[in-house]
2 protein chains.
Amino acid sequence: MSELLNKQYRLAKRPVGEPGDDTWEFCEKPVAQPGADEVLVKIQYVSLDPAMRGWLNEGKSYIAPVQIGDVMRAGAVGEVIASNHDGFSPGDMVVGTLGVQQYAICNGKELHKVDTRIAPAPRYLGVLGMPGMTAYFGLLDTGKPQEGETVVVSGAAGAVGGVVGQIAKIKGCRVVGIAGGAEKCRYLIEELGFDGVVDYKNEDVMAGLKRECPNGVDVFFDNVGGDILDAVLARINLHARIVICGAISQYNNTKPVKGPSNYLSLLVNRARMEGIVVFDNSKHYGKAAMEMAGWMAAGKLKAKEHVVEGIENFPNTLMMLFSGDNFGKLVLKVTDN
Amino acid sequence: MSELLNKQYRLAKRPVGEPGDDTWEFCEKPVAQPGADEVLVKIQYVSLDPAMRGWLNEGKSYIAPVQIGDVMRAGAVGEVIASNHDGFSPGDMVVGTLGVQQYAICNGKELHKVDTRIAPAPRYLGVLGMPGMTAYFGLLDTGKPQEGETVVVSGAAGAVGGVVGQIAKIKGCRVVGIAGGAEKCRYLIEELGFDGVVDYKNEDVMAGLKRECPNGVDVFFDNVGGDILDAVLARINLHARIVICGAISQYNNTKPVKGPSNYLSLLVNRARMEGIVVFDNSKHYGKAAMEMAGWMAAGKLKAKEHVVEGIENFPNTLMMLFSGDNFGKLVLKVTDN
C-alpha cells in the first residue's frame, strides 16, 4: 500500500473573516499502514458544514478548535481498505470524523458502519448523519412543536433546514421556510411540501413572514442569525420556542456578532431561546435514525445532496455554504468509488 | 366629600427617549363619588417601576399602553374611605393598579386587601407586591436554581434584584449581585448576605464576574440588558438559564435596543434565555406571599423601600430608576396617612 498517495487539507493559519488562500495548506503524502486496533479508510465523500468555520477560531467552544498544522476536521464516509481492528473488515462502509483528505487511519471506536444498500453513501453525511440528527433532536426536544402550530425555519433549503421542515410537517404543523432564491423556494414547496416560503434574497423578510404566518410563529429553528432572527422575533407568539442551531450570517464577521435587537420580544411573549449541539444526543442517534429511515421509506422525508467533485476544490466549495450557493447537503467527492 | 381635591399625573405625550417635561400633565380636580360596586381609595404610596417606561410606548406588548390623556398607570396602596362594594369598608387598606394620583375610584374586583399590622404599607408594593412576586416566580420557576450553583443578578439593589438574591441564598446558591456604587455593594454583602458583588460603576464587569464567579454562572436574572447581559453571557456554564425580567439600560433608547452580541454562547453552552411577566403567576401570588412572609419573619428576607414624598415629585422621582439613584423599592408618598 506504500504506493498510495493521500491528498489532504491542513489548517495553515486562522482566518480573520472569510477563510482565504492562506488559510489552508494542501499536502500530498504517502499513506501509512494502520497500527494495532487501527483501520485504514479510503474516503469517498467529505461533509462540508457551517460549523467548520467555528472550529477554525481559537477559544472556548463546544469542541476544541482545529490546531494549526492539523488535517482539517470534517465528517466523512468511506470504505475500509485495511483493518487491524476486530470490528471492521475491508469492504465495510463507515462514517466518522475522518478529515478533509482521501485516506484516514483511525481508531475503530471513532467509526460507525453504514449500509449503502439502504441509502447512498453521502446520505449518511446528511439526513442520516449529523445534519439529520441536529434537525431531529433540535426540533423535537427543544422546539417541541405541537400539531397546528406554525414552525419557521431559516436556511430552509440547507442540510438541516430541509429536514426540520419535513419533520414539522410530519408532526402536523404549518411550516414556513426562509431561503434564498426562487429555485430553492419552489423546491421547498413542491418537493418538500412546505406550506409557505420567504425568499430573503428577493423580498422583505418582515413582510414575507407577515404574509406566510398569519397566526404568528410558535417555533423558530434558526440556522442563520442576524437580521432574519430579528425579523422572526418580531412575529413570535406567546410561549414561542426559538432553537439556536447556528448563525451562518455571522460566522465570517470581522466585527462583533449582531445580537438580536428584538430579544425583548422574549419578555413580552414569555418566550424562550435555547442553544443546541447535536453531540449531546449521541446516545439516541440510533433510535432517531431508525425513525427517520421509516419516514424516508414512507416517502415523507426526502433528501437532497449537493455533490462537488475533487478534493482540490475544498476551499472554494466550503465558501458555497456562506454565499448560499449550495442546494441541499453539501459534500465533496474526494476519490472514486 | 365634594371638598376633596385629587392631584394626579396624566400622560400628555409619548416620550421619545427619556420622559421629559412635556410627557406629563399635572391635574387637580374634585374627587367624585363612587358608583355602584365602586370603592373610593385614598392613596398613600404609589409604586414606581421600570416597567412604567414601557407602558408609555405605543404598540403590542404584554399589556396595553397607557393612552394619551389617561391617568398614568401605577400600582399603589391606600385606605378605603368610601365603599359601595360589599367586600370593602372604610378603613380597609388595599393595593391595586390605582394610578399616579391621590384618590382613586375603582371597581372592587381590582383591589386586594392588605394587613398593615403585618408589614408597613409600602412593603406591599415591594417584597410583598409585584417586585417580590416577579423575583419569586422568575427565579424559582424559570431560573430553577439548584443548591451549590452560582446565581448572578443585575440591578441587584433594586426592588426585584434584592429579593432574587436573597431567595437564591435561601436555596443554597452562591449569589453575586451587580449594582452601581460602593454603598449599594456594601449593602448587598453586609445586609442581604450576598456572596459577592460587581460594582458596574467602578469596575470592569467582565473582570468582576471572573473574580466573583470562579465556577462560572448557572443562573442569570437580568433586569438591565445591554453590556451587562453580554458580559454575563461570556461566563455562563453548560445548561445555564438566563431569566429576562427587564432591560432598564435600554428603555430610554432612541436608537434600536442593543441585542446581546454574545447570544451564541447559548449555543456553545446549550443554555436558555427566557422572558417572564409576573402577571402569568397571579393565581399563585397568595402561596408565594405566604412563603415570603415566613422568610421575612425568620429574618432570611429583608426589605428596603426608598420613599420620596410629594406627588409633585413624580416626574423626577421616576427618573431615579434609570440613573440608578434609588436604593431599594422606590415609592412615592402622595398623601399623609
Side-chain angles (χ1 to χ4, degrees), chain A residues 50-51 54 57 59-63 134 137-138 141-142 216 222-227 229-230 233-251 253 255-281, chain B residues 50-51 54 57 59-63 134 137-138 141-142 216 222-227 229-230 233-251 253 255-281:
Chain A
N57 296 336
K60 183 191 164 195
S61 188
Y62 62 92
I63 191 172
T134 302
F137 292 105
D141 289 359
T142 305
D222 190 23
N223 294 300
V224 307
D227 293 335
L229 173 54
D230 262 331
L233 276 166
R235 300 282 309 162
I236 58 173
N237 288 334
L238 214 56
H239 305 302
R241 288 81 67 198
I242 297 180
V243 183
I244 301 295
C245 176
I248 200 169
S249 71
Q250 306 294 308
Y251 289 170
N253 278 7
K255 290 181 296 183
V257 164
K258 180 197 168 340
S261 273
N262 288 335
Y263 86 103
L264 289 173
S265 180
L266 297 178
L267 189 162
V268 170
N269 294 296
R270 297 79 145 170
R272 166 189 297 182
M273 185 183 278
E274 189 164 354
I276 59 159
V277 171
V278 66
F279 308 137
D280 294 343
N281 303 290
Chain B
N57 297 335
K60 183 193 166 197
S61 187
Y62 62 92
I63 191 173
T134 302
F137 291 104
D141 289 0
T142 305
D222 190 23
N223 293 301
V224 307
D227 293 334
L229 173 54
D230 262 331
L233 276 165
R235 299 282 309 161
I236 59 173
N237 288 334
L238 215 57
H239 305 302
R241 289 81 68 199
I242 296 179
V243 183
I244 301 295
C245 176
I248 200 168
S249 71
Q250 306 294 309
Y251 289 169
N253 278 7
K255 290 181 295 185
V257 164
K258 180 198 170 337
S261 274
N262 289 334
Y263 86 103
L264 289 173
S265 179
L266 297 177
L267 188 162
V268 170
N269 294 296
R270 298 77 145 171
R272 166 192 295 183
M273 185 183 278
E274 188 165 355
I276 59 160
V277 172
V278 65
F279 308 137
D280 295 343
N281 303 289

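The basis for the numbers below is simple: all heavy atoms, side chains too, and nothing from hydrogens, waters or symmetry mates. Just so we're on the same page: letters track the sequence lines, and every chain starts at 1.
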Check: Looking at side-chain heavy atoms only, is the closest gap between B/Asn262 and A/Val257 below 4.5 Å?
Finding: no

Check: Would you find more than 12 non-hydrogen atoms of other residues, nucleotides or ligands less than 6.0 Å from A/Asn253 atom CG?
Finding: yes

Item checked: Neighbour count >12 (heavy atoms, 6.0 Å) for atom CG, A/Asp227 -> no

Next item on the list: For each of B/Pro256, B/Gly54, B/Gly246, B/Gly259, tally heavy-atom pairs with chain A at distances under 4.5 Å, and name the one with the top tally.
Entry: B/Gly259

Margin query: As an exercise: rank A/Arg270, A/Glu274, A/Arg241 by heavy-atom pairs under 4.5 Å with chain B and give me the winner.
Written below: A/Arg270

Next item on the list: Measure the spacing between CE of B/Met273 and CG of B/Leu266 and express it to the nearest 0.5 Å.
Entry: 5.0 Å

Item checked: Region of B/Leu264 in contact with chain A, defined by heavy-atom distances below 4.5 Å -> side chain

Notebook entry, point to check: Counting N and O atoms only, with roles assigned by atom type, does the side chain of A/Asn223 sit under 3.5 Å from a partner on the main chain of A/Cys245, one being a donor and the other an acceptor?
Noted result: no

Check: B/Leu229 versus chain A, heavy atoms under 4.5 Å apart: side chain, backbone, both or neither?
Finding: side chain

Note to self: Heavy-atom pairs under 4.5 Å with chain B: which of A/Asn269, A/Ile276, A/Asp280 has the most?
What the structure shows: A/Asp280

